[in-house]
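First the structure, in the form of C-alpha cells, and then the observations on it.
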Amino acid sequence: DVWSIFLVWLCISKYGTIKLGKKNDKPEYNDFTWFAMLFSCGIAVGLYYYGVSEPMYYYRNGGSGSNMFRTPVANDDQQAQQAIFITLYHWGIHAWVVYIIVALLLGFMSYRWNLPMTIRMAFYPLVGDHVYGFLGDFIDALSMACTTFGVCTSLGFGVSSINAGISRLNSDIPADDTDWQVALIWIITPAATLSVISGVNYGIKTISEICFVMGCFLILAIFFMDNSWFILNSLVQSIGHYFQWIIQVGFHCDTWAQLNLEFQDNYQWRGGGEGKEYWDWKKNQLWEAGADTLYDPVTEATGEDLLDPVSTYNSGPDQWIDWWTIFYWGWWISWAPFVGTFIAKISRGRTIRQVIVGAMFAPVGYSFFFLVTLGSLGIKMERTAELALAPDASAVDWAAGTVNCTALGYDGGFPVRQDAIELADIGIYPLACRAHTGRIYDLVDKQYGEGMGTFLTLFIVTNLIIYFVTSSDSGSWVDDSLSANGHPHPPVIQKIYWCCTEGAVATALLVAGGSNSLSALQAASICAGFPYTIAICFCCTALYRACKIEYEDPDILIGKKFHHRIFDFCEGFDRLNKPKGMPGAVDTMLQIAIATVCPCVPLFRIAFNLYSAEGGKWVGIYSVLFYSWIACLIASAFESNVDKLGWVCFIGFAFGLLTMRIKTREKFNIYGSAVEDMLCCLMCYPLVIVQMDGQFLLREAVESDPQVPEFVRNVKEKIDIELPDIHTDEPGSLVNVHADEPGSLVKPSEV
C-alpha cells in the first residue's frame, strides 16, 4: 500500500517530468512494442495458468471451503463477485508496483548518472561507493538467485499447462507426464537461447510482439463468441468493486481468523493410524504462539478440549492469507529484480510519469480485462453444470463456497454418471471438480463448436510456448547482464550458459519430485525475495533522493554526510576514498566493541557536545535502559516473559539514541530523516554510536562529505548535452570493479 501511494504521488508530483535519459533522448521503442515487451516479461504464463482456476478456487474450492469473507457475501452472486475481486487484487496495482520502483531507479541511475545497469546501483543514492564492495556483490548475487528461481517456477507452470493442452489434442499423451514436460523444456530452451543471442532489439522484441498479439486475439475471440454483454457487465462491475474495496482489503491481515490459531493444538490430523507420528505440520504459525501459550494451560485447567473456533464463530480460513496473498506478494517481489531490470532496459527516453502510467496502470487494465473475461466465463460454466447435474440444492453450499462433486456425477476429476458424460460431450464441465492445469482448455473445449474448440486449444498451447520463450529469454538476459556487471554486450557463451542453466534447474526439479519440487521452488523463490521486501522500501528512499538531486532541492544539495558510514563494515572499515584523519580498521572495530558492551563511554562524549552540562543526566538514563535490557535477557532463563520487558527497555534506549542522532544531524547539517535514524538505532546501535562519536572527534580535522557525489554534479552539468553511448569495451568506460584491482578501470566517482 505504501509503495503504491508513493508511486502515485511521484507520478503527479513535479518529479514526474524527469526523463530517464538526457534531455534530447527519444524512446527507443514505440508504445506498442514497449508495452508488449514489458507485459510479456511481467506476466508470462500466469494469465493462462491462473486466469480460470484462481477465481474458481475462491468461488468453489472443490469441497474444501473457499469463503474468504473479504467483501460482504449475502448470496452466491456476491460470492462470485468476491472471487473475481480477490483475483484482481492479487494481479492489480499491488503486483506491478514492485516492478516499477526497481525499473525507475535503475533507469535513473543508468541513463541519467551513467552507472552500470545492475541492481546494486539502485542503492547508490543511499550508500554511495559501498555498492562496489561486498554489499553490492551480495545484492547482485541475490538478484540473480531470485531471477533464476522465479523463471524456473514459471517454466514449471508453463510446461504443466502445455502438457495438459497437448494431451487434449492427443489423448494418447498423458496430461501430467514428467518425461513429456522435460522434453518440452529442452525443445523450447534452444528457441529461448536463440532469442537471447539475437538481442533485445531483434529476438526478444519480435517474440514479445507475437505473443502479445496472439493473447489479444484469443481473449477477443472468446469475448465475441460468448455472451459479450455479460462480460462487459462483469468487467464494469468488477472494476467498481476493485476500487471500492482495494483500500480496506489492502490493509486486511486476517486478524480474527489468525487469532483462532491460538485456540487450536499445534498439530493437524494428516490421516493414517493412531499415534502422534500421523499428526504433523505445525499449524500455529503466530510468532511464539504455540499451544503452550494458551491452548495447553486452558485445556489443562478445564479438563476439556476447546470448541472449534472456526465453526463456532463462522470465521474464515485461518491460513488462507499465507497460502495465497502472502505467496503472491512474495512471488511478485522475488521477480522485482528480473522484471524491473528488463523494464528499465527498454524505457530509456521516457519520463517517470510515462513509465508509471504505461508500465503500471496500463498493464493492470489489460490484465483486468483478461482475468475478468476468463474468470466470469469459468463461473458461468460452473453454475451451468451445477444447475444441470445437481440432484437438489444441497449439492451446493454457496455460503461455504463448496460443491459436492460426487453428487454432480464426477469422480477423480472425470464424469462417471451418464448425464455428466453427455454434458461433457457438449463442452460443459463443473470446473471446481476438474484438474487445475486443464481448466482453461475446459472453457474452450466444445461449447463454441468442436472444430473451434480444437483450434482454440492448439492456439493456447502455441501461445503458451511463445510466452514460455519470452520468460526464459528475458530472465536469461537479466541474469546475463547482472553477472557481467552491467556490460551491455556480454559474451555469447555466457548467454547460452544462463539459458541452459535455467532449463537444467527446471528439469532437475521436475525429475526429482514433480509438482512437489515446483512447490519447493516457489518457497525458495519467496524466501530469496524476502530481503527485497525491505530492500524495496530503501529503493523508494533512494529514488526520492535521486529525484531531489535532479531537481536541485536546496535541503539535499547543501546537506552533508557522516564521516563514518553505517555500511563501512562491508569494506572492513577501510573504504576507498575515506577522509583523512579517519581511524583505521583496527581502531574502528575497537570503538564498535566498546559501544556494544559499554555504550555509556562514547555516549557521554556525544551528550556533552549536544547538551553541555546536562549531558550526564541523559547518559545516565540511557545507560540504565541499556543495562536493564541486558539484565532482563539474562533473567528470562529463570522467569518467563522477563525478556519482553527487556525489549521495552531497549526500545527506550533506541529512542534516546534517535534524539541524539537527530540533534547531531542538525548540528552538522547532515541530510536524512527520522525514519532512517530510527531504523539504524534499532538495528545497529553500536555503529550509530561510533558514527556520532566520530563526527565530533573529527569535526575540526575533516570536512564532511557533500550529500551529492561530485561525479553526479558533473553528470548533472552535462545532462542536457548529447553524449555518445558508453560501452565497457571502450576507453573511459564505466565498469563495476574496484579501482585498485589489477587491470581494472576507474569507478564513476573517479571519472
Side-chain angles (χ1 to χ4, degrees), residues 40-41 44-46 49 118-119 137 140-166 173-174 176-200 203-204 207 211 331 334-335 337-339 341-342 437 461 464-485 487 490-529:
S40 299
C41 174
V45 300
Y49 192 80
T118 59
I119 298 296
D137 294 338
D140 277 351
L142 179 64
S143 301
M144 286 187 283
C146 288
T147 298
T148 303
F149 290 148
V151 170
C152 288
T153 303
S154 289
L155 296 186
F157 285 155
V159 294
S160 298
S161 295
I162 294 169
N163 187 191
I166 294 176
I173 299 175
D176 187 16
D177 183 77
T178 301
D179 292 338
W180 268 95
Q181 293 173 6
V182 170
L184 287 168
I185 289 176
W186 289 106
I187 290 173
I188 299 172
T189 296
T193 304
L194 292 175
S195 175
V196 174
I197 292 174
S198 62
V200 176
I204 296 177
I207 293 177
C211 69
W331 204 11
S334 73
W335 271 51
F338 158 38
V339 182
T341 302
F342 187 78
T437 56
V461 170
L464 278 171
I465 291 173
I466 300 177
Y467 264 119
F468 187 115
V469 173
T470 62
S471 298
S472 181
D473 61 13
S474 53
S476 299
W477 180 88
V478 171
D479 273 338
D480 191 31
S481 177
L482 292 178
S483 60
N485 292 322
H487 197 304
V492 172
I493 189 66
Q494 187 169 296
K495 298 178 180 180
I496 298 174
Y497 166 79
W498 281 110
C499 286
C500 294
T501 297
E502 290 171 359
V505 171
T507 299
L509 287 157
L510 283 171
V511 173
S515 60
N516 290 334
S517 291
L518 286 175
S519 298
L521 185 57
Q522 287 177 281
S525 177
I526 294 171
C527 291

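Just so it is clear, the model here is predicted, and its values are computed rather than measured.
Among all heavy-atom pairs drawn from W186 and G503, the shortest one is CZ2-C, 3.6 Å. Summarising the geometry of S481 relative to T118, their closest heavy-atom pair is O-CG2, 4.5 Å, with the distance given to 0.1 Å. Looking at every heavy atom in both residues, S143 comes nearest to L482 through CB-CD1, 3.7 Å. Closest approach of A192 and V469 over heavy atoms only: CA-CG1, 3.8 Å. Annotation for S161 and Y49: closest pair OG-CD1, 3.0 Å, computed over non-hydrogen atoms.
Under the ring pair (Phe, Tyr, Trp, His ring centres under 6.0 Å) criterion, Y497 pairs with no residue, sequence neighbours left out. Residues satisfying the side-chain hydrogen bond (donor to acceptor under 3.5 Å, both in side chains) test with S483, not counting sequence neighbours, are Q494, W498.
The shortest distance between side-chain heavy atoms of N163 and I173 falls below 4.5 Å. With a 4.5 Å cut-off on side-chain heavy atoms, P490 and K495 count as touching. For the pair T501 and D479, the minimum side-chain heavy-atom distance is 4.5 Å or more.
With rounding to the nearest 0.5 angstrom, the CZ atom of F468 is 13.5 Å from the SG atom of C211. The OG1 atom of T341 sits 3.5 Å away from the CD1 atom of I119 when rounded to the nearest 0.5 Å.
For the side-chain contact (heavy atoms from CB on, under 4.5 Å) with C499, the lone residue among T193, I197, D480, L194 that qualifies is T193. Test I166, I465, T189 against L184 for side-chain contact (heavy atoms from CB on, under 4.5 Å) and you get one pass: I166.
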